[in-house]
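Structure first, commentary second.
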Amino acid sequence: MNIARRSFLAFLIGGAAGTALSPLPWKLTDDLSIWTQTWPWTPVPPDGEYSYVNSVCTLCPGGCGITVRKVDNRAVKIEGMAGHPVNDGGICILGASGLQLLYGPRRVKAPMRRVGERGEGKWETISWDEAIAAAAEKLEGIRSAGNPQGVACMVGDRYGTVPSLFERFMTAYGSPNFMSDAAIEDSYRITLNLMHGKNAIPGFDAGNADFVVSFGSGVIEGWGSPVRMFLAHGKWKDENKTLVQVEPRLSNTAAKADKWVAVQPGTEAVLALSMAYVIIKENLYDKSFVAENAAAFEDWRDDEGKTYPGFKTFVLNGFSPADASKVTGVDPSLIVSLARSFAGAEKPLALCGRGKGNTPGSLHEFMAVHALNGLVGAINRPGGVWAIDVPDYVTWPKPGLDEAARAGLEKPRVDGADGGAYPYTESIISGFADGVNSGSAGYGVEALLVSGANPLYTLRDAQAVRKAFDSIGFVVSFSSYMDETAAQADLILPNHTYLERRQDVPAPFGLNMPVIGMSRPVVPPQFDTRQVGDSLMGIARKMGGSVGDAFGWESYEACLKETMGAAWETLEKDGILVKADYAPEGWGEAFNTPSKKFQFFTGAYRHGENKDLMSQMKIEGEAADFPLILIPYDSMRLASGPVADTPFMAKTIEEDVLIHDDVYVQVNPATAASLNLREGKVAELTTPVGKARVRVHLSEGIGEGVIALPTGLGHWANSKYIAGKGVNVNRLMSPVADPVSGLDAAWGIRAKLARA
Amino acid sequence: MKKAQEHTAPKKYGMVIDLDKCTGCGACMAACMAENNVPFREDETDKNLSITWLRVYKLTNGKKFPNADVCYLPRPCMHCEGHHGHSPCVSVCPATATDYSYDTGIVSQIYTRCFGCRYCMAACPYHVRYFNWWDPVWPEGMEKMLSPNVSVRTRGVVEKCSFCFHRYQIAMEKVRYEGRAELAEDEYQTACTQACPANAITFGDLNNHDHAVYKLKTHPDAFRLLERLGTNPKVYYISSREWVRRQGDNYLENEGKVVAKAH
Amino acid sequence: MSTVKAKDDGAGGFIILFFILGFVASMILGWIVFPKLLYSQKEQPFNFDHAIHMDMVGACESCHFFRDDGTFSGIPKLAQCIDCHQDVQGFTKDEEIFVNEYVRNYREVPWLIYSEQPDCVYFSHSAHVLSGGMECKTCHGPIAETETSRPYEYNRITGYSRDIWGKSMLGLKKNPWDRMKMDDCAECHRENGVKQNSAQTHKGACFVCHK
Amino acid sequence: MDTALIPEGRKRCPLWQFVLFIAVVGAVLLWGVYAMILCWLKGLNQTNMNNAYGFALWIWADLAVIALGGGAFFSGFLKYIIGKDELKNLINYAVIIGFICYSSALLILAIDIGQPLRGWFIFWHANVHSMLTEVAFCLSCYFAVLTIEFIPLILENRQIDKVRFFHNLSHNMHHIMAVFAATGAFLSFFHQGSLGGVAGVLFARPFGFREGVLIWPWTFFLFTWSAAACGPCFTILITKITEKVTRKKLVKDNVIELLAKISGWMLLTYIVAKIIDTWYWAVVTAPEAGFTMMDFYSNNPLYGLWILFLEIVLGGIVPALILITPAGRKNKATLLLATVLAVIGVCVNRWVMVLQVLAVPVMPFESWFMYAPSWQEVATTILPLAYGAILIAIAHRYLPIFPQEPELNPVEQQAG
C-alpha cells in the first residue's frame, strides 16, 4: 500500500472521527426525523381566536339550527345548535359535513358562460354585469317575440322569499310555468286540503305519540326533519313507546322498530284500510271525534238527494283482513292485532310517505293513512297530526302586469298542473319533461331557470328529462355547485352557499309549530358569488318595464327585511322565530271543508278508482318481461336530493352498498339462486326505461321477487369523491302520475336481473 | 414561585352507547372526521383502507326474511384499561408513541413519535387503529376547514380515536381561567357524543357518581366488546336484544345466555 | 513484504498529519459550516420595541392576554394595536411602516414567532401562567426588555424556529429559555410533579403536551 | 483475471461463469431494489397490506429469515461453548448465512416501517415493555456480533491477509471469537424469543396469545427452540445446495451428520413442546376467550387443519424422526428431505404466527381477513434471496470459507 493511499485513508478516518464529534450527523438525523413529522406539504392549520356563529342549515328541508365553530375567519366545524326547537344540538351527517360544500372542489367560483358543447365542461368566466345582461337580453328577446310562456322556472323549496321572488318574476314576466320540487309535503298538503279543508302543511307531534305506525316512512332515515325524528325515536325508546314499521324491506327504521311488518311493496294503503276495517268493525274508533267532528264516515246524501257510500261502507265492503292479507302478504291476525293495538293506544299516530319522503306518493295512500289518524282522533292533539298553516309572511302586493304578461299567463302550463285533471296541484315538476317532449302545451319552451333544484339528477326517467333539456335553447342555473343541472346549463349565476348568505328558512317539514328560521353569513363569500335574490332582481331590473317595476327593493336584503317586518329583529338576533305558546286549533275550528268537519271520504275518491285501491299501486312494466320489482331505498349516508354526498359522507357508505364504482343491488338469496347469481357477482339490471351494471348483494332483509337499489348514487357531475360511483336509481325509474294529484307516485318499477 | 399543581381525583373517561337508539345514520362518523381532520380519498369503499376513527358496524342476526334483523354498532377506540393501564396496544409500541394516562384513562397516540411499525394494529382486536397508507390530500381550498386543535397526520403513521382529548384541553383552559378546580360534565364531550342526533352516546367520567355514564354502565343490558379477552374497555353498549349482546363477545356453543353483569 | 517496508519508511508522521487534516476539516464543517447552512434568517416586518411598550402599558398581559375562553391571544392582532396606533406616533421608521403599510391597509403584521412550537405540541398558557404561576420570562427570557427585534432564525430542514433547539449547537443551556425542546418541558414537569401519569413510562403522559 | 484474489489451493469456476451468475441474480436483485425504492418514495400503499393486515409478508419474511439464520448462533454455541470442535468446518458458512439472514431482516424492517427516517426512535425512545424493542436491540446487537464474526473471514482473503495489520487483526479476532459467540448465543436466545413474544403477548388476539412465565409467553421459548432446531437445518441445506452448484464436496459428512443429529434431537424436543403448547392453547387458553380450536381453522378459504398438519407433522415430526435416525441422516436424499421439511415447518410456523393471527376474526360480527401480497412486497422479499446468493457466491469465490475444501478437492499444481 503506498503512502498516498494510506494518507488518504488517514484523512478519511480523521474526517469520520471529526464528523462524529461534530453536531452534523446527530443534528441531521434529528432534523430529518422532524422533517418527516410535518412534511413541507403537510398543511398546518393556523390557530386563532375561537368563535361560534349560529345559523340555520338549509341542505334539506329539515331546518336544523347549526352552530359553526370558527378559528379567526375560517369555519372549521358545523355542530348542531343546542336548545334549538328542531334539533336541540343534534346534527345529521350531511349537516355535519357541510363545510365540505362551502370549501368544496365543485364550487362555481364566478359567473360562467358555456363556450363548448353543452355538458362538455368548457366555460368562460364573465363579470356579473355581463352575466346579468346576458340573461336579461335572452329573456327579453323571448318575451318580445311573444313567447313569455316559453320560459320555465324550477325552484327547490316552495316557500320563503327566494321562491316567491322567482314566482313573482315569472308572473311579471308572463309565464305560468313556475315549478317547485315535489316531495311528500305536497301530497300531505293536498291530503290536508281535501280532508281538513286547510292550506296547511302537516306537523307531527311524534315525540309525544305512544304507538306509531309508519307506512314505509324512514322515520330514522331522513323522513321529515331528520334530526327531530331521531330525537323522537330516542324518546320512544326511553319511554317504551311502540314503533311499527310497515315496509317491504328491512330498512334501518324497520330494524329499529318494535315490529317490522314486511308488506308486499305498493300495498301499504290496503293494509291501512284493512286496519281501518278492524277498527270500525270492532268499534274501536274515537266515537266522539267521528260523530261530532267528522263527515262522510257513514253513508251520506248530497244536496240533490243522491246517496253515496260513506267511509265505513267503503272499508267494510272490501278490506277485511282476510282479503287484505292476500294482497299485502301480511297475516290477517297480525292486521287485527296491529289495528287493535293502534286503536287501543292512548296516543296513536300513523305516518306515511316512503323513505326520506323526497318523492310524493299516491294520494289514496296518504288519505287512507290519514283516515287512520282520523279514526282514532289523532288530529290536532298531543301526539297526533297537526295542520299548520303554510308560511304566509310573504305578503307582497301583486306585480303589475303588462299586455305580454297577461297573454302569457293565460297559456296552459307545460307540466299539466292546471285545468281539470289535477285541481289540487300547483305544479308538477315530474310532468315537465313529458310536457316539453310532447309539446302538449301548444308552445315550445325556450328557456329554463333553475334555482335550488337539480332536476337532471333528481327527476325520474332521466333520459326524458335530458331530452327535454336538450330541446330548451337557454338554461340558466343559479347553483352554487357544479351539479348535474349546472353542468348542462348555458349560463351559471352562482348563488352564495347557505353559509355565506342571509335568507329566510320557512317552517321545517313535519314540525308541529310555526317556525321561521334565518340563515346568515357564517363566513364572508369565498368566491365571486351573489345571493340568488339579487341576481334575479338584477335580471329583472335590467329588463326594465313592468318586469323591472315588480322588484322595487334596493337589494335582496332590503326585500327580506321588509318582508319580515317586525320579525326581523328576532331573526337577526336568534336566527329563529318560534311561536312558543302555539297550540293547534281545537276540533271545533280545525276544519274548513264544506262540512266544516274532518272529511273521511272526499271528492278524490270519486274518480271511479275505488276498486283499484284493493290492489298494489300501479307501477310501470309488465310482469312477463320484468319479473322482479325494483324499489329504491334511502339512507342518511347518501344525500339524494339536489345536493350530493360530501367526501366525509362518501367515506361512510357501507361496504354492502358500494364497492369501488359498483353499486350493490339487494337481492333475496332465493331470488338470486333462481337467477343463478351469487354474492358480489356483476349483473345487468334492466327496467322498462334503462339498464345498469350492478353487483349482487344477498340480503335476508328483502323478500323474494323484490330487489332494492340505494338512492343518491350515480352522480356524473359533482366532485370525484361521489361522481361516477354506482347508479342513479332515478335513471332506472319513470314517474307515474298519481290520478288525484298528478304528482309522481312511483314507488318502484318492474325490473329484471341477469348475469353480466 | 409556582402555585400548587392541579390535584384532582383521577378520571376514567368512558362512553355508553345505546344501540337501541343508534340509527346508523353516520352523523357521529362525519362529526368525528370533521373534528379530527381525518383525511379522505377518492375511493373509500375498501373499508380496510379507509380511516374512520369511529366506525359504525352493521350487525345481522343471521335469520331469514322476514325474521332478519340488523343493529348498528358504533365503535370508537375502546381506550382499554387492560390490567392497570396495560391495554393491548400500549405495551407493544416500541417507541412509546401510544400511552395510557392514569389521569384520564385515555389511550393517546402521538403521530410524530409513531414511526409506523403497526404492531399496535396487530395488537388491537377492535381494529380501531388506522395506518396512513397515503399522504393526506385535501382538494384545493378545503384545508381551510382543518382544525388547529388536532395535528394533521402524515403518511406512514398510525392514528386513532382520542376521545377528542383536545376538547378536554380546550375545556381545561376555561376551567383554569375561571379558577375552578374541576371540569363540569358537559364541558368535555366528544364530537360524536355531541353530534349524535339520537342521543345514543353518553360520555363522561366512569369514576364520577354524578356523571350519567356512571349509572348507565350498570344498566342490566349493558355489555362491553370482547370483555373476555381482558382488554377492560371503557366503552359500554346497551342493547335490549339478546342476539346483539351475544355478538359483543365470543361464546362457546354450550355457554348459556348472555346475562347482565354487575360492574 | 511491502507492508513491513511501508511501516519503516517514516511515513507515520505523514499519516498522522493527514488524520489531523481530515479531523480538523470535518470539525470545521460540522461546527461552523453546517450550522450556517442549516439555519436561515428572516427579518421581522419591522422592529418592535418591547421596552417602550412596557413603559407605556406596564405589563405583558396588556397585549398578550387571555381570552374569555381561557385561550391565550399570543401575538396581538391589529385590532389591539389600533387603539393607540391609528396615527403615526413618534418618529421611528418602524412606526411609519406599521401605520402606513399595515394599519391603513387593515393588514395583519406577519410577525415571525421566535417561540413557535411545532404543530404536534399543545401548549397551554393558562396551565403555566394561571395555574402554575409561572412568569413569562421563565420561558420567553427577557424579551420585555428588548428594544429591537432580533432576526428570526429557522431551521431549513424542519422549518422550526432556532429557539426550539437553542442557540447552542450542542444543546447547552444556561437559562430555562435557552432551549425549548420536549426534554426541557419534561424536565420541569418532572421536577414539579406535573401529571406524571403515564402507564408506560410513569413519567408525563403524552397527551399532556401533545395533540 | 481474478486469480490473485482466489484463495490458494482452491479451484473456482471461470470468471465469465461467475460474472454471468452474478448478472442473472443481480437482475433479480435490481428488481427487488426497484420495488424497495418504490416503497420508500411512494409509501406503503405499494403493498397489499391494510388496516387488518398491519403485519404481513414482510414480517413473516423477517421472522422466517431470522429463524433460518439461527444456524449461526446455535452452531457457534455448539462449537465455542459446548466444544463441538468438528463444527469449525461449518461455522464460517453458518456465520455468513446468519449474516445474510440478519442483514436481510434489518433491511426488510427498514422498508416495512411507515417512517424509515424515524426508525431510530425505536432505540432513542425505546419502550422497554415492547417485545419489538427487545427484538430491535438484540437484533441490531447480534447483527453487530455477526459482522464482527464475519470480519476475520473477510480478512482471510489472500490479498488482504498480506497486510500485516489485517493479518494480525484476523488472527487476534479468531482468538476472542468465543466471547462473541457466547454473546451472540445470549443475544439470539433473547431476540429469537422476543420474536416469538411478538405474537404471544397479544392477549387480545386469541390465535396468537399464549400464557407463559413472567413476562415471556410460551412462544418466546418455542421460537428460540425452533430456531435452534431449524437454523442448522437451513445451514445444512444451503451447504448442500452450494456443494451442488459448485460441484464439489466442501464439508465432510461427519460434520454434517453431527449437526444434523443435534438438530434432529432439538427438533424432536421442540415439536413435543409445540404439541403440548398447541394442545393446552386449544383446550384451555382459547376456550377461555370463547373460541374453540375449529373457530381458527374453518369458515375461510385458506386456513384449515392442513396447515397445522403441515407445520407439526410434516415440518416437525417427520424431519425430527429422520434426523435422529443414523440411517436417515446418512442417506443423502432423506437428509435433504428432512432439512427441507424442517425449513418448511419453521417457515409455516412463522407464517401462522404472523398472518393467521391477523386473519382470524375476533369481533364476532366480523369475517376472516384474507390477504395476498402485491408484487412490490414479493420483490422486496425475494431481494434478500438474490442478495444472499450474490454474497455467498462472492464469499465462496474469494474467501477460504470451507477449511476442508482443499483436502476434499485437491488441486494439481498448475504451471505458471
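Residue numbers begin at 1 in each chain, while the letters A, B, ... track the order of the sequences. Remember, predicted model here, so these are calculated numbers, not experimental data.
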| request: Without swapping roles, check the side chain of A:Lys651 against the backbone of B:Pro39 for a donor-acceptor pair under 3.5 Å. | output: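 Between the backbone of B:Pro39 and the side chain of A:Lys651 there is a qualifying donor-acceptor contact (under 3.5 Å).
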
| query | Testing B:Lys47, B:Lys58, B:Arg55 for salt bridge (charged side-chain N to carboxylate O under 4.0 Å, His left out) with A:Glu654, which one passes? | reply |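 Single pass found, and it is B:Lys58.
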
Checking [X] against chain B: side chain, backbone, both or neither under 4.5 Å from a heavy atom?
X        : result
A:Asn87  : neither
A:Ile702 : backbone
A:Pro43  : both
A:Lys720 : both
A:Thr36  : backbone
A:Leu250 : side chain
A:Trp236 : neither
A:Asp656 : side chain
A:Val71  : side chain

| task | I would like to know whether B:Thr23 and A:His233 meet side chain to side chain contact (heavy atoms under 4.5 Å, CB included); could you show each step before the answer? | result | CA-CA 9 Å; B:Thr23 65; A:His233 173 260; 4.1 Å; yes

| said: Assess the residue pair B:Val56 and A:Thr652 against the criterion (side chain to side chain contact (heavy atoms under 4.5 Å, CB included)); give the C-alpha distance rounded to whole Å, side-chain angles, the decisive distance to 0.1 Å, and a yes or no. | reply: CA-CA 8 Å; B:Val56 179; A:Thr652 70; over 6 Å; no

| query | Do you know which of A:Val657, A:Asp661, A:Val219, A:Leu99 has the most heavy-atom pairs under 4.5 Å to chain B? | reply |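 Of the options given, most contacts go to A:Leu99.
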
| request: Tell me, out of A:Asp238, A:Val44, A:Ile722, A:Ile34, who's got the most heavy-atom pairs with chain B below 4.5 Å. | output: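 So the answer, after comparing A:Asp238, A:Val44, A:Ile722, A:Ile34, is A:Asp238.
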
Distance, nearest 0.5 Å, that separates [atom1] of [X] from [atom2] of [Y]:
X        : Y        : atom1 : atom2 : answer
A:Lys256 : B:Lys21  : NZ    : NZ    : 12.0 Å
B:Tyr111 : A:Thr42  : OH    : OG1   : 14.0 Å
A:Arg107 : B:Glu140 : CZ    : CD    : 13.0 Å
B:Tyr57  : A:Glu655 : OH    : CD    : 8.5 Å
A:Arg637 : B:Met29  : CZ    : CE    : 5.0 Å

May I ask you to test the [X]-[Y] pair for a side-chain heavy-atom distance under 4.5 Å?
X        : Y        : result
B:Asn199 : A:Lys235 : no
B:Arg155 : A:Trp39  : yes
A:Lys237 : B:Asp18  : no

| message | Is it the case that over 12 heavy atoms from other parts of the model lie below 6.0 angstrom from the CD atom of A:Glu239? | response |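 Atom CD in A:Glu239 is crowded, with more than 12 foreign heavy atoms closer than 6.0 Å.
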
| Do you know which two heavy atoms are closest between A:Glu700 and B:Ala68, and how far apart they sit? |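 That would be O-CB, 3.4 Å.
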
| task | Would you name the heavy atoms of B:Ser147 and A:Arg69 that are closest together and state the gap between them? | result |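 Heavy atoms only, the tightest pair is OG-NH1, 4.1 Å.
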
Could you tell me which portion of [X] (side chain, backbone, both or neither) has an atom closer than 4.5 angstrom to a non-hydrogen atom of chain A?
X        : value
B:Ile170 : side chain
B:Val38  : both
B:Asn149 : side chain

| task | Before accepting this row, confirm whether a basic side-chain N of the pair B:Arg167/A:Glu79 lies closer than 4.0 Å to the acidic partner's carboxylate O. | result |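 Salt bridge flag = yes for A:Glu79 with B:Arg167.
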
